Amino acid sequence: MAADTRQTVLLVAVFIMIALGSVVGMVVGGVGLMGSIALSAVLALIGGMGLATLVTRYSARTRELYFAKRQLESQNRLQASIARGAPYRTILEQICQFLEQQIPNVHVIIWSARTDDSNGELITLSAPNTLHQSADVRSHIKTLTQHEIDPFYPVFKATHLADKGAETTFSRPLCQALCPHGYQSTYLVPLDATRPDALGALLLLCPIPGEPSEPQQLTIVNATRLARLALERHHSESQLHIFERSLEASSNGVVITEANHADMPILYANPAFAQITGYTRDEVKGRNCRFLQGPDTHPAHKQQMRQALSEGRDINLTVRNYRKDGRLFWNHVFISPVRSSDGYVTHFIGILNDISERKHHENQLAFHATHDALTGLGNRALFEDHLRHDVELAKRHQQQIAVLFIDLDEFKPINDTLGHSVGDRVLISVAKRLEATIRPSDTLCRFGGDEFVLLLHDLVDLKQAEDIAERVVNAIEKPYCADQHELHLSASIGIALNDEHLENPSELIQHADMAMYKAKKQGRNGIQTYTHDINTKLTQRLMLRNDLQDAINQEQFSLHYQPLIRHDGTVKGFEALLRWQHPEKGVISPGRFIPIAEQTGQIIALGQWVMARAARDLLALSALLPNNCLISINLSPLQFYRANFLQTLAETLKNTGLPASRLELELTEGVLMNDTEGAITTLHALHNMGVHVAIDDFGTGFSSLSYLRHLPVNTLKIDRSFITHLPENRKDTAVVSGIIGLAHHLDLTVVAEGVETQQQHQALAALDCDVFQGYFFSRPMPFPAVVDWLKSRKSHPANLS
Ligand SMILES: Nc1nc2c(ncn2[C@@H]2O[C@H](COP(=O)(O)O[C@H]3[C@@H](O)[C@H](n4cnc5c(=O)[nH]c(N)nc54)O[C@@H]3COP(=O)(O)O)[C@@H](O)[C@H]2O)c(=O)[nH]1
């Protein structure tokens, strides 16, 4: 009850008692007026005091009831606010107000730990702004909750500021922050006693020292409970909100289905699901996810999914699914059960990943790994794979299979002269023609360059394979049109059939390759079937290749020299010819080993050795030779086109001391035609160095004299095939005569090779040939024999042969 009310009640009571005393005095009569007054006063005093005591007692209880009622009302109001879902800040402010009403003179601050700011947030109604906006205060509270709060019970920590009695390192900074604001004690109550720093805390700031009474403590505990409720709800709501927003924003499709309904209908689908599948969210709600499947969705995958769903476990797999418009997409799907608190599966959540693009790239990579980029045909890897499979099947069903190794003849000049883009177009046309020749079930692959390989299965006999090879040859022979050029091609084909001796499927490829090689050797544009005999020859070739390396290492080579004789009988020079004396196999002809050395690149080392040896030998013969005598060296295309060829040559000349003007390099026409631009540059460089150049075997290649007009070439060597039948063969005579005439017009020296007889010599001399080389004058001789030969010539200068 309020003090004013108590005063009014007391005055009324005194007044009633005075009136009562006067009446009693007058009625008794014996005490007179003064006695009546005195009695009235005494009675008034006694009555007033008794009544006041009664009234005071009554008002204290009423006040307690009043406060309890108000507290309850405030509490209910708070709880209603929480239930209504009022913003958490409003609720926390109401809590501050509530406590400040219940506990006189305190300021209440609520510290909420989980906010965007790592130090949390302060909510208050009455605390000064400077205080509750201070980042320091927030951080001090945070530190304190991390170190000082009893985690099991809401402990009150009083900090007496009057004597700066902060007890610990952690509470001291907070005390010092509060002190200037006139607070004498503070109480920190964690909102969650089990994790004091996790949710927040309540701070009571009192202007006087002391502790809250027990009922006040109870009120505070109740208030912290409500604050905790408000904050927890806020956090879970914001978490739900975050969860929902992340689902909505996710680029993965998410779908939630009901587990306890027979058809497991979709309850929720996020926008990404709609975007991936093309169905709107409304269209899919209530449907089972199987509408994403198509006729070719793998039955095993469907079964795996059904199984996992019925067992209520996770499943992860990639399936073929279909969008609303019917387009396929590769779905990497993860399905997981959602369980209730008692462990029952209530829902399933499916996460869809459209991996079509990745799958496309994977397929592309796989395609490139097994296919030729130019023609789109399979490559060697794919061929070997099919071959293994077909050989296995053929063995099981006693079937005949064949491998056809197809190599285009003379394809390189097309690339070299017309450029690679023309070459590429021709190869694409060849691939198309080959595809048109075979059955769809046969395998056609390109092994690279101009090599195509065919795998024919289920053949009746060899004849059938030969017929197909024939068709292939015919298809390739038809003219090709590239730019304004009409091109003609031929192919050499090797055929290999499976037999019971086959140890490894890839042997079939080797056999077909060997047979093709033989076809090439036999004049190209041919078909050759593999026999064991071919194998033996090629094995010998392989052995020769190995022996060649030993020969280089062990210097089993020597040079023989064949003289070049001028019209007047003088020696123009010598051609250096390589000889190989094998320790077991005897002399091996350069006609056999030079082509192998060219293929393996061993010719580079050999050529280098020839050059140095020949230069030194010529210089060693100086005393017996005129000063301008030349040494002719055969140069392989590989040497000529090597990047450092000119540099190596210059170094050899320098190291050996041979003047460049005494060296003649013999090149075949083919060498010059291969890379015309590069060849011309190199020829000019050689010319500038003073080195002579001779065109060897003239007449066997392109035989065009016109290109020689522009090239700095010194000599033409007419191939011996034109000389052999001189003088009786009129045609050969006419050709040789023509070559000599034209060459002279171009100021070229003409050498006739392979002059074996006097008649040939005379005929050539009559045709005005400049120089002669052949057995008629001398066979190629080893160095000591050359010395003898020169010496004998000195003593008999007229002896020409
Ligand atoms: N790149 C290199 N090629 C070389 C080298 N040494 C030789 N060769 C080439 O090997 C091929 C065969 O040479 P070889 O067996 O030495 O035959 C040469 C002569 O012996 C032969 N010849 C000479 N005169 C006659 C003859 O009157 N009749 C006849 N039947 N044969 C004869 O001709 C070959 C020389 O030919 P060419 O080189 O075309 O002038 C051969 O192609 C050599 O070029 C080498 O070091 N490097």
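All of these numbers come straight from a predicted model, not from anything done at the bench. Order of listing sets the numbers, starting from 1, for every ligand and every atom in it.
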**Message:** Using heavy-atom distances only, which candidate in R579, Q773, E756 approaches atom 16 (O) of ligand 1 most closely?
**Reply:** R579
**Prompt:** Short check: is a protein heavy atom less than 4.0 Å from atom 41 (C) of ligand 1?
**Reply:** no
**Asked** Do F557 and F593 have ring centroids that are under 6.0 Å from one another?
**Response** yes
**Complete:** Rounded to the nearest 0.5 Å, the CG atom of D696 sits from the CG atom of L667 at a distance of 8.5 Å
**Salt bridge D770-R566, side-chain N to carboxylate O under 4.0 Å** = no
**Asked** Going from CD1 on I631 to CG on L663, what distance comes out if it is rounded to the nearest 0.5 angstrom?
**Response** 8.5 Å
**Request:** Give the single entry among Q562, K717, E753 that approaches atom 37 (P) of ligand 1 most closely by any heavy atom.
**Result:** E753
**Message:** Taking R720 first and then D697, would you say they form a salt bridge - that is, a charged N and a carboxylate O separated by under 4.0 Å?
**Reply:** no
**Request:** Using ring pair (Phe, Tyr, Trp, His ring centres under 6.0 Å) as the criterion, list what pairs up with H684, not counting sequence neighbours.
**Result:** none
**Prompt:** Under 30°, 30 to 60°, or over 60°: which ring-plane class applies to F640 and F645, parallel, tilted or perpendicular?
**Reply:** tilted
**Fill in**
shortest atom 21 (C) of ligand 1-to-protein heavy-atom contact is with R720 NH1, 3.6 Å
**Item:** Side-chain H-bond candidate by donor/acceptor type, E486 with H488, under 3.5 Å
**Value:** yes
**Prompt:** Taking non-hydrogen atoms only, is Q639 closer than 4.0 angstrom to ligand 1 via side chain, backbone, both or neither?
**Reply:** neither
**Request:** Considering the heavy atoms of V610, write down every atom of ligand 1 situated less than 4.0 Å from one of them.
**Result:** 46 (O)
**Message:** Please determine whether a side-chain nitrogen of the Lys or Arg among D467 and R471 lies less than 4.0 Å from a carboxylate oxygen of the Asp or Glu.
**Reply:** no
**Any E666 heavy atom less than 4.0 Å to ligand 1** = yes
**Is_contact(atom 3 (N) of ligand 1), protein non-hydrogen, under 4.0 Å** = yes
**Prompt:** For ligand 1, which atoms sit closer than 4.0 Å to a heavy atom of D696?
**Reply:** 37 (P), 38 (O), 39 (O), 40 (O)
**Request:** Keeping the roles fixed (side chain from N504, backbone from E507), state whether a donor-acceptor pair exists under 3.5 Å.
**Result:** no
**Request:** State plainly whether the residues K572 and E664 are in salt-bridge range, i.e. N to O under 4.0 Å.
**Result:** yes
**Prompt:** For G607, is the nearest heavy atom under 4.0 Å from an atom of ligand 1?
**Reply:** no
**Prompt:** Taking NZ, NE, NH1 and NH2 as the nitrogens, is one of them in K717 or E575 under 4.0 Å from a carboxylate oxygen of the other?
**Reply:** yes
**Prompt:** Taking the side chain from E384 and the backbone from A381, do they hold a donor-acceptor pair closer than 3.5 Å?
**Reply:** no
**Prompt:** Identify the closest protein heavy atom to atom 20 (O) of ligand 1: which residue and atom is it, and at what distance?
**Reply:** P780 CG, 3.5 Å
**Message:** How far is atom 25 (C) of ligand 1 from the closest protein heavy atom, and which atom is that?
**Reply:** Y775 CE2, 3.3 Å
**Asked** Under the 4.0 Å line, does any protein heavy atom show up next to atom 9 (C) of ligand 1?
**Response** no
**Item:** Residue and atom name of the nearest protein heavy atom (relative to atom 15 (O) of ligand 1), distance in Å to one decimal
**Value:** P590 CG, 3.4 Å
**Request:** Please identify which atoms of ligand 1 are closer than 4.0 Å to at least one heavy atom of G774.
**Result:** 24 (N), 27 (O)
**Asked** Among A576, S589, G591, which one has a heavy atom closest to atom 11 (C) of ligand 1?
**Response** G591
**Request:** Could you list which atoms of ligand 1 come closer than 4.0 Å to a heavy atom of G754?
**Result:** 25 (C), 26 (C), 27 (O)
**Request:** List the closest protein heavy-atom neighbour of atom 7 (C) of ligand 1: residue, atom name, distance to the nearest 0.1 Å.
**Result:** L577 CD2, 3.6 Å
**Request:** Starting from atom 6 (N) of ligand 1, locate the nearest protein heavy atom and write down its residue, its atom name and how far away it is, to 0.1 Å.
**Result:** L578 N, 3.0 Å
**Prompt:** Nearest protein heavy atom to atom 39 (O) of ligand 1, by residue and atom, and its distance?
**Reply:** D697 OD1, 2.8 Å
**Item:** Close approach of R779 to ligand 1, heavy atoms, under 4.0 angstrom
**Value:** no
**Fill in**
Closest to atom 1 (N) of ligand 1 among protein heavy atoms sits N634 O, 3.7 Å
